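Numbers restart at 1 for each chain; the letters A, B, ... are given by sequence-line order, proteins then strands. All figures in this text were calculated on a predicted structure; none of them were measured in a lab.
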Amino acid sequence: MSTHPEHLDRFVAHLTAAQSALYGCIRTLMAGAPEAADVLQETNRVLWQKAADYDHARPFLAWAYGIARFQVLAYRRRQSRDRLVFDEELVAQLADEYERQSGTESGELRALEHCLQKLPGAQRELVRAKYERGEAVNLIAAQTGKPVNAVSAALYRVRHALADCMARRLAPEGPR
Amino acid sequence: MSPPHDAFETLLAACLAGSSTPAQHAQLAAFLRADPARRAAYVRQMRLDSMLRFVGRSPALALAAAAAPQPTRPRWWWPAFASAAAAILLAAVWTSSRTPAPAPRLTRALPPLVERHPGALFGELAPPTAEPLPTRFLLPAHLLVQLP
């Protein structure tokens with residue numbers, strides 16, 4: 001147990017750096033539900049409460065993922081049965097897979113930024129509409145005069161292209 | 001670049017678009033329970049989608065837009081803009097020469113307490129202090145994360 005200022009400073013640095021990874025983990029376990037942001041806040045609150053217990057010799061992310069997973073299950077229990085939530089066993093399987101795929105988050109974000117700049121204009125505009133301006137797929141479909149399914153499929157293709165680009169970029173022998 | 005070409009990928013695309021029906025959600029869950037490779041594909045897409053949401057709130061996409069070629073526009077308005085700017089500058093100089101010196105400020109800059117004491121987030125870790133804690137400094141800025 002430590003409430004030493006240096007311990008807390010390092011803890012805050014870990015917690016801040018982990019936000020993107022934790023958000024991704026929670027969204028994955030919640031099938032992309034918009035309430036993921038609320039569960040992230042709750043997870044942050046619990047992590048902060050446990051700050052004094054954290055041992056810096058242990059990997060922060062693995063510890064934080066465990067708490068995030070518990071918060072997702074708590075959220076799941078609060079929801080009625082008709083809500084779009086995964087069962088506990090599937091949540092556990094997905095959490096394991098998420099942790100297995102977790103790499104260096106900062107390196108992945110840099111690769112993503114690089115790959116975004118390589119996208120052709122129309123695809124980049126689609127990404128900006130969805131992720132920068134936060135427009136719903138329905139709205140993008142209405143604005144572009146395309147069926148909703150076609151917009152979903154176009155976004156799927158863009159994410160596929162970005163994933164391929166990032167994989168090439170992050171490969172040990174890939175371009176730096 | 002492959003489009004979603006099977007039922008699983010169509011369900012995944014709908015899930016990521018936030019347009020899944022309960023029946024589609026149940027089908028997707030069944031696929032994920034049955035096949036580790038599909039769980040891996042689902043996690044890959046979800047991680048990327050979450051990263052995009054994160055990056056989308058940062059200047060990265062703006063940079064991407066800046067890198068795209070922009071159409072050039074005629075610059076006929078530059079002389080008018082320069083004249084207007086000069087007029088505003090002259091008016092400001094003339095006004096400031098007629099304005100009395102401002103009274104010295106009575107308030108002092110408040111110290112960023114939370115930067116010195118991150119524990120102030122929940123109060124209980126904050127050190128005792130004679131200064132009143134200004135409410136707007138109770139949350140450390142580095143913990144406030146802009147979420148999509």
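- Between Leu94(A) and Tyr42(B), some side-chain heavy-atom pair lies under the 4.5 Å cut-off.
- The side-chain heavy atoms of Leu48(B) and Met166(A), taken from C-beta on, include a pair separated by under 4.5 Å.
- A donor-acceptor pair is defined here as one N or O able to donate and one able to accept, closer than 3.5 Å; such a pair exists between the side chain of Arg47(B) and the backbone of Gln101(A).
- Annotation: side chain of Asp49(B) is not in contact with side chain of Leu155(A) (no heavy-atom distance under 4.5 Å).
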Tell me, with the steps shown, if His160(A) and Gln45(B) meet side-chain contact (heavy atoms from CB on, under 4.5 Å). CA-CA 8 Å; His160(A) 227 282; Gln45(B) 285 274 330; 4.0 Å; yes

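- Screening residues 125-169 of chain A for disulfide (SG to SG under 2.5 Å), with sequence neighbours left out, gives Cys115(A)-Cys165(A).
- For Ala31(A) against Cys15(B), the heavy-atom pair with the smallest separation is O-SG, 3.5 Å.
- Both Val12(A) and Val46(A) belong to a common hydrophobic cluster when Ile, Leu, Val, Met, Phe, Trp and Tyr are linked at side-chain heavy-atom distances under 4.5 angstrom.
- In this structure, OG in Ser50(B) is found 10.5 Å from CG in Leu40(A), a value given to the nearest 0.5 Å.
- The nearest pair of heavy atoms linking Met51(B) to Ser20(A) is CG-OG, 4.3 Å.
- Among residue pairs with one or both ends in residues 18-65 of chain A, none qualify as disulfide (SG to SG under 2.5 Å); sequence neighbours excluded.
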One pair to check against side-chain contact (heavy atoms from CB on, under 4.5 Å): Thr10(B) and Asn149(A). What are the steps and the verdict? CA-CA 9 Å; Thr10(B) 305; Asn149(A) 288 351; over 6 Å; no

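- Counting heavy atoms from C-beta outward, Tyr98(A) and Met46(B) have side chains that stay 4.5 Å or more apart.
- Between Asp87(A) and Arg33(B), at least one side-chain N (NZ, or NE/NH1/NH2) sits under 4.0 Å from a carboxylate O, which counts as a salt bridge.
- Across Val137(A), Asn138(A), Val148(A), Leu112(A), the residue that shares the most heavy-atom pairs under 4.5 angstrom with chain B is Leu112(A).
- Hydrophobic clustering, with ILVMFWY side chains joined whenever heavy atoms are under 4.5 angstrom apart, groups Ile67(A) together with Phe60(A).
- In terms of modelled atom types and a separation under 3.5 Å, the side chain of Tyr156(A) and the main chain of Leu12(B) share no donor-acceptor contact.
- Contact of Lys130(A) with chain B is made through the side chain alone, with heavy-atom distances under 4.5 Å.
- Contact annotation: the side chain of Arg39(B) approaches that of Leu90(A) to within less than 4.5 Å [non-hydrogen atoms, C-beta and beyond].
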